[in-house]
> 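Structure in structure tokens, see below.
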Amino acid sequence: MVERTGNPEHGDYSVTLPLKLAKVLRRAPVQIANELAPLIELDESFAAISVAAPGFINLRLKPVWLQAQVEPIAAAGPEWGRSELGKGMRTQVEYVSSNPTGPLLFSHGRGAVVGDVVARILEASGYSVQREYYLNDMGRQIRLLGESILARMRGESPPEGGYSGDYVTEIADEAKRQGVAADANLLADFGIKAVMAGITRDLDRLRIRHDNWFSESSLYQGLSEETLQALRAKGRVAEKDGAVWFVTGSDKDEVLIRRDGYPTYFASDIFYHRDKLEKRGFERVVDVWGADHQGQVGRLKQALEVLGMDPSRLLVLLVQLVSVKRGGEVVRMSRRAGVGISLEEMLDEVGPDAVRYFFLLRSADAHMEFDVDLAKRQSNDNPVYYAQYAHARLANVLSFGSAASGEPVYSRLDSEWELELIRVMVRWPDIVREAADALEPHRLAFYTDELAAAIHRFYKNCRIVSDDAALTAARLQLARAAKTTLTNAFGLMGVTAPDRM
RNA sequence: GCCCCCGUAGCUCAGUGGACCAGAGCGGUUGCCUUCUAAGCAAUAGGUCGCAGGUUCGAAUCCUGCCGGGGGCGCCA
């Protein structure tokens, strides 16, 4: 009903209620608007109210109100933009969860950043967040990992469907050095530890952490049988062809326990999510998955519903695939295709700030092309530097003007550039709230870009430190408030805010 | 065949719970450093918003049907 206007000429906010009422009341929207407008009680923040065709009521903020926001924003510091809207709701965000059978690929990095920033946004919005990594530490893939290492130690070729990357050789060499017995099970354990050490090192460089590593094998200490029993009691389990099936009710049932005795990932997913939602009692669970797992969402939610859980408590964010453009050549990344650029390699090449910022510059459900050449360019065409440079400029001028004394007179901040900067700043809490509601981290990057642009224009057009003490003090406070806002935005994105560049 | 995502400027993408000239970045052209960082600012060119219907006072946005790209539909993960 109340929306922000897209065009400054229409004020700051607009009310579209008359347009919506028009149909119900069967009257012209302009007429309704004209009657409604005088009834709106304006507090001192708004200067003007006007009716515009075909029936908008537009509201304009008073400059004096905008000017009065500067000092509180500067004073709020890290708190500016945070809220308690989540009311401490126990929320889990699960992300990365890559199998410990090989190093992270660059495409995993996207899900890692999306999950991490979702967690940061929710924390800033008053949710109680746990960050979890689901560790697939059992099953066929793990057995293959052990066998692959063993084969490498013996100089044999890996088993069918096994792993053959250089890291397998490295692990095999290290296992030999440490005198690990040539046993597939022991080597699998050894391999998991070695691979996870690499994964956590990469994540650490990307500034991504988890609170909990949840082991898949721990699900099979009681909970699995209990859950199977519960499904059986609902009449949703059948046995045929030597396997155990989940009866979906449609024409296609799903295997839970394979003929060889291994549970399928579907089974583990059911057990795991029951553990999250019931045993551990998270009110809401956010899973960040690759888009290639889309097919699992429906059946998992169905199973949870059969077990009596409200499936809407589980939110699955599907992150689309990434391709990498480098030197004019596009490399499409796919987990399955096995071709991929490692995350480590990209961190070496472009650094964590650019990797994070670029991932956040795209909505998660859009395929993205990562332009390596652009990301590593140390120049003005690089959006990361554009935003960081705005921060560095403010830091510099604040240091330059640190000796200035004088009482700020905020009414002096009356140029279009100053007022525009304040308008952008005061939106920040809304941006955080909207990003949290929609679970859309990319909104932060777009906002940051807009804020940086307003800062650069302000800096360019308003000489901050001058002979005019009152104006200087006011502009320095504005610079402080802008720097606070930008710092907080970078903080939620996990991007550094440099004081010098 | 069915399901999900995408199709908007030369390129990469926002906007898609309706309305305010259709936006940003990169790339193109052109101006601006005696003064707190030019990694900046300013101007300019460039688009049948995939196609066709429909709903509406109004559609890039909602509905239907097509077309194109990607992903999924396994006792793989």
Side-chain angles (χ1 to χ4, degrees), chain A residues 3 5-11 14 16 19-20 22-23 28-30 52-56 58 98-99 101 136 139-141 144 161 241-245 252 254-268 290-299 318-321 323 325 332 334-336 358 361-371 373-374 377-390 392-401 404 417 438 442-443 445-446 449-450 452-453 455-466 472 475-476 479 500-501:
Chain A
E3 295 162 11
T5 53
N7 183 338
E9 285 173 28
H10 294 93
S14 67
T16 55
L19 290 155
K20 304 197 194 279
K23 186 171 288 176
V30 181
F56 294 100
N58 291 327
S98 172
N99 278 0
T101 51
N136 299 110
R140 199 171 81 96
Q141 299 305 315
L144 282 168
D241 305 332
V244 178
W245 300 69
K252 222 171 88 196
E254 302 279 351
V255 172
L256 291 166
I257 311 290
R258 307 179 343 180
R259 202 181 313 163
D260 61 11
Y262 282 110
T264 58
Y265 268 66
F266 176 49
S268 284
D292 51 346
H293 291 69
Q294 169 265 131
Q296 291 156 239
V297 179
R299 63 187 191 190
L318 296 172
V319 178
Q320 292 291 328
L321 301 183
S323 40
K325 189 167 110 183
R332 186 161 285 120
S334 153
R335 292 187 188 198
R336 296 229 177 161
F358 272 66
L361 229 25
R362 301 286 176 260
S363 76
D365 59 9
H367 302 238
M368 79 169 283
E369 192 167 289
F370 191 101
D371 187 335
D373 303 315
L374 178 62
R377 228 177 293 170
Q378 302 257 331
S379 74
N380 52 347
D381 354 310
N382 189 329
V384 186
Y385 291 97
Y386 180 80
Q388 289 183 321
Y389 185 52
R393 277 182 139 179
L394 292 178
N396 187 65
V397 75
L398 284 169
S399 144
F400 181 82
W417 302 286
H442 72 278
R443 290 169 187 253
F446 282 90
D449 195 62
E450 217 181 311
I455 290 169
H456 284 309
R457 280 193 291 269
F458 162 64
Y459 184 92
K460 172 73 182 177
N461 294 297
C462 303
R463 172 80 198 177
I464 294 168
V465 180
S466 67
T472 296
R475 284 181 170 169
L476 284 171
R500 298 195 150 275
M501 288 176 73

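Note on naming: letters A, B, ... go to the chains in the order of the sequence lines (proteins, then strands), and numbering restarts at 1 for each one. These numbers were taken from a predicted model, which means no experiment stands behind them.
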> Identify which nucleotide among B:U12, B:C41, B:C75 has an atom closest to any side-chain atom of A:V255, counting heavy atoms from C-beta outward.
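Selected nucleotide (nearest to the side chain): B:C75.
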> Measure from the side chain of A:K325, starting at C-beta and using heavy atoms only, and say which of B:C75, B:C11, B:A39 lies closest.
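Nearest to the side chain of A:K325 among the choices is B:C11.
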> Paired with B:G23 by Watson-Crick or G-U wobble geometry, both distances under 3.5 Å: which nucleotide is it?
B:C13
> It should be established whether A:H442 places a side-chain nitrogen or oxygen under 4.0 Å from OP1 or OP2 of nucleotide B:G15.
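Affirmative; the distance criterion is met.
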> With respect to the side chain of A:R457, which nucleotide from B:C5, B:C41, B:A14 is positioned closest?
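Nucleotide nearest to A:R457's side chain: B:C41.
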> Picking from B:A14, B:A24, B:A77, which would you name as closest to the side chain of A:F446?
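Given the options B:A14, B:A24, B:A77, the side chain of A:F446 is closest to B:A14.
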> Over all strands shown, is A:R140 touching base, sugar-phosphate only, or nothing at heavy-atom distances under 4.0 angstrom?
sugar-phosphate
> Check whether any side-chain nitrogen or oxygen of A:T264 sits under 4.0 Å from OP1 or OP2 of B:G74, and answer yes or no.
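For A:T264, the contact criterion (side-chain N or O under 4.0 Å from OP1 or OP2 of B:G74) is not met.
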> A:H293 stacking on B:A77: centroids under 5.5 Å, ring planes under 30°?
yes
> Taking only N and O in the side chain of A:R393, is any of them less than 4.0 Å away from OP1 or OP2 of B:A38?
yes
> Would you mind telling me which of B:C13, B:C36, B:A77 lies closest to the side-chain atoms of A:V397?
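In terms of side-chain proximity for A:V397, the closest of B:C13, B:C36, B:A77 is B:C36.
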> Using the C1' atoms only, state how far B:A59 lies from B:G15, rounded to an integer number of Å.
14 Å
> What's the gap between B:G69 and B:U29 when it is taken at their C1' atoms, as a whole Å value?
33 Å
> Under 4.0 Å between a side-chain N/O of A:R258 and OP1 or OP2 of B:A77, yes or no?
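The answer is yes; a side-chain N or O of A:R258 sits under 4.0 Å from OP1 or OP2.
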> Can you identify which nucleotide, out of B:C75, B:U35, B:C13, has its nearest atom closest to the A:W245 side chain?
B:C75
> With the side chain of A:V465 defined as its heavy atoms from C-beta on, choose the nearest nucleotide among B:A77, B:C41, B:C36.
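Nearest listed nucleotide: B:C36.
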> Do any side-chain nitrogens or oxygens of A:K252 fall under 4.0 Å of OP1 or OP2 in B:C2?
no
> Of the listed nucleotides (B:A14, B:G72, B:A38), which one gets closest to any side-chain atom of A:Y459?
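Selected nucleotide: B:A38.
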> For nucleotides B:G65 and B:U12, find the distance between their C1' atoms and express it as a whole number of Å.
30 Å
> With P as the reference atom in both, quote the distance from B:G68 to B:G28 in angstrom, rounded to an integer.
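The answer is 35 Å between these two P atoms.
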> May I ask you to verify whether the side chain of A:H367 and the base of B:C6 hold a donor-acceptor pair under 3.5 Å?
no
> Quick one: which of B:C13, B:C36, B:C41 gets closest to the side chain of A:K460?
B:C41
> Counting only Watson-Crick pairs (N1-N3 plus N6-O4 or O6-N4) and G-U wobbles (N1-O2, O6-N3), all under 3.5 Å, who is the partner of B:U29?
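For B:U29, the partner nucleotide comes out as B:A43, under the 3.5 Å rule.
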> Nearest to the A:L321 side chain among B:C36, B:G70, B:C75, which nucleotide is it?
B:G70
> Using both distances under 3.5 Å as the test, list the Watson-Crick or G-U wobble partner of B:C66, or none.
B:G50
